[in-house]
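Worksheet: one structure, shown below.
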Amino acid sequence: QVQLVESGGGSVQSGGSLRLSCAASGYTYSTYYMGWFRQAPGKEREGVAAIDSDGNTKYADSVKGRFTISQDNAKNTLYLQMNTLKPEDTAMYYCAAEGKYISWWARLLPTAYKSWGQGTQVTVSS
């Protein structure tokens, strides 16, 4: 059973940076897909960034050029480097994983992923 544990959230001022981490365990997929998602109060969960086992990445338009998704396979850890943060980035951030194939167009859809972490809060003040 896949277990995902996020960390690194916090409160920062607009323009600041944070790096989120997601420690993964319990899966043995040779091919996998992982992503970062966020959910603000009263809003639906949305995809932020995704990466596959080949290192292909995909970003939501709202974070392109500011956020970078990466992975350290030796540490089984997924990262999200967030720069130039804006108040509208405030949300609970979740990492997710999936071992079955996800088409390119679906990689930022929450419904494509089965395993989820508990989330880490990011708050950006103006």
Side-chain angles (χ1 to χ4, degrees):
Q1 183 172 348
V2 178
Q3 291 186 327
L4 304 170
V5 180
E6 301 96 334
S7 61
S11 297
V12 295
Q13 289 191 328
S14 182
S17 297
L18 282 174
R19 188 176 82 155
L20 305 183
S21 299
C22 173
S25 61
Y27 68 86
T28 57
Y29 308 122
S30 58
T31 301
Y32 59 83
Y33 305 85
M34 298 193 75
W36 286 100
F37 297 79
R38 65 187 182 187
Q39 188 167 17
K43 294 188 176 182
E44 292 187 354
R45 191 169 298 189
E46 63 175 357
V48 174
I51 190 168
D52 64 22
S53 48
D54 290 329
N56 299 304
T57 59
K58 186 174 185 177
Y59 296 92
D61 288 343
S62 59
V63 306
K64 279 182 183 176
R66 300 189 298 124
F67 291 11
T68 303
I69 188 171
S70 63
Q71 56 192 353
D72 184 332
N73 293 329
K75 296 182 178 179
N76 290 331
T77 302
L78 181 72
Y79 300 102
L80 185 68
Q81 178 67 43
M82 305 186 294
N83 298 327
T84 319
L85 282 161
K86 304 175 182 180
E88 50 263 44
D89 294 318
T90 295
M92 185 72 79
Y93 282 71
Y94 301 89
C95 72
E98 175 57 50
K100 293 183 180 179
Y101 174 72
I102 302 176
S103 63
W104 179 254
W105 70 268
R107 299 227 176 142
L108 293 180
L109 294 181
T111 52
Y113 295 80
K114 285 195 183 65
S115 300
W116 292 84
Q118 83 290 348
T120 186
Q121 178 68 36
V122 172
T123 302
V124 184
S125 58
S126 57

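Hydrogens, waters and symmetry mates play no part in the numbers below; they use all other heavy atoms, side chains included.
- Residues satisfying the side chain to side chain donor-acceptor pair (under 3.5 Å) criterion with Lys64, sequence neighbours excluded, are Asp61.
- The list of salt bridge (Lys or Arg N to Asp or Glu O under 4.0 Å) pairs with a residue in residues 1-20, not counting sequence neighbours, is empty.
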Atom pairs and distances, donor-acceptor, side-chain atoms in residues 119-126, under 3.5 Å, two or more places apart:
| from | atom 1 | to | atom 2 | distance (Å) |
| --- | --- | --- | --- | --- |
| Thr120 | OG1 | Gly9 | N | 3.1 |
| Gln121 | NE2 | Ala91 | O | 3.4 |
| Gln121 | NE2 | Thr123 | OG1 | 3.4 |
| Ser125 | OG | Val12 | O | 3.4 |

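- Applying the ring pair (Phe, Tyr, Trp, His ring centres under 6.0 Å) test to residues at least two apart or on different chains, none of the pairs has a partner in residues 45-99.
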Can you list, pair by pair, the side-chain donor-acceptor contacts under 3.5 Å of residues 45-52, counting residues two or more places apart and other chains?
| from | atom 1 | to | atom 2 | distance (Å) |
| --- | --- | --- | --- | --- |
| Arg45 | NE | Gln39 | OE1 | 3.3 |
| Arg45 | NH2 | Gln39 | OE1 | 3.4 |
| Glu46 | OE2 | Arg38 | NE | 2.7 |
| Glu46 | OE2 | Arg38 | NH2 | 3.3 |
| Asp52 | OD1 | Asp54 | N | 2.9 |
| Asp52 | OD1 | Gly55 | N | 3.0 |
| Asp52 | OD1 | Asn56 | N | 2.9 |
| Asp52 | OD1 | Asn56 | ND2 | 3.4 |
| Asp52 | OD2 | Asn56 | ND2 | 3.0 |
| Asp52 | OD2 | Arg107 | NH1 | 2.9 |

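- Within a 6.0 Å radius of CD in Glu44, other residues, nucleotides and ligands contribute 12 heavy atoms or fewer.
- Partners of Tyr33 by side chain to side chain donor-acceptor pair (under 3.5 Å), not counting sequence neighbours: none found.
- Once rounded to the nearest 0.5 Å, the distance linking OG of Ser21 with NZ of Lys75 reads 9.0 Å.
- Shortest non-hydrogen contact noted between Leu78 and Gly35 is CD2-O, 4.1 Å.
- With Ser62 contributing its side chain and Ala60 its backbone, the two residues share no donor-acceptor pair below 3.5 Å.
- Note on residues 106-126: pairs passing ring pair (Phe, Tyr, Trp, His ring centres under 6.0 Å), not counting sequence neighbours, are Phe37-Tyr113, Phe37-Trp116.
- Residue pairs meeting the salt bridge (Lys or Arg N to Asp or Glu O under 4.0 Å) criterion with at least one member in residues 115-126: none, sequence neighbours excluded.
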Side chain to side chain contact (heavy atoms under 4.5 Å, CB included) between Gln71 and Thr77: does it pass, once the steps are laid out? CA-CA 6 Å; Gln71 56 192 353; Thr77 302; over 6 Å; no

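- The hydrophobic cluster of Trp104 has no other members, since no ILVMFWY side-chain heavy atom comes under 4.5 Å of it.
- Contact annotation: the side chain of Leu4 approaches that of Met34 to within less than 4.5 Å [non-hydrogen atoms, C-beta and beyond].
- In this view, Asp72 satisfies the side chain to side chain donor-acceptor pair (under 3.5 Å) rule with no residue, not counting sequence neighbours.
- Taking Ser17 as the reference, Asn83 meet the side chain to side chain donor-acceptor pair (under 3.5 Å) condition, with sequence neighbours excluded.
- Taking 4.5 Å as the limit, every side-chain heavy atom of Met82 sits out of range of all side-chain heavy atoms of Asp89.
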Expected list for residues 95-103: side-chain donor-acceptor pairs under 3.5 angstrom, two or more places apart:
| from | atom 1 | to | atom 2 | distance (Å) |
| --- | --- | --- | --- | --- |
| Glu98 | OE1 | Lys114 | N | 3.2 |
| Glu98 | OE2 | Lys100 | N | 2.9 |
| Ser103 | OG | Trp105 | NE1 | 2.9 |

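- Residues Ile69 and Leu108 do not share a hydrophobic cluster, clusters being chains of Ile/Leu/Val/Met/Phe/Trp/Tyr side chains in contact below 4.5 Å.
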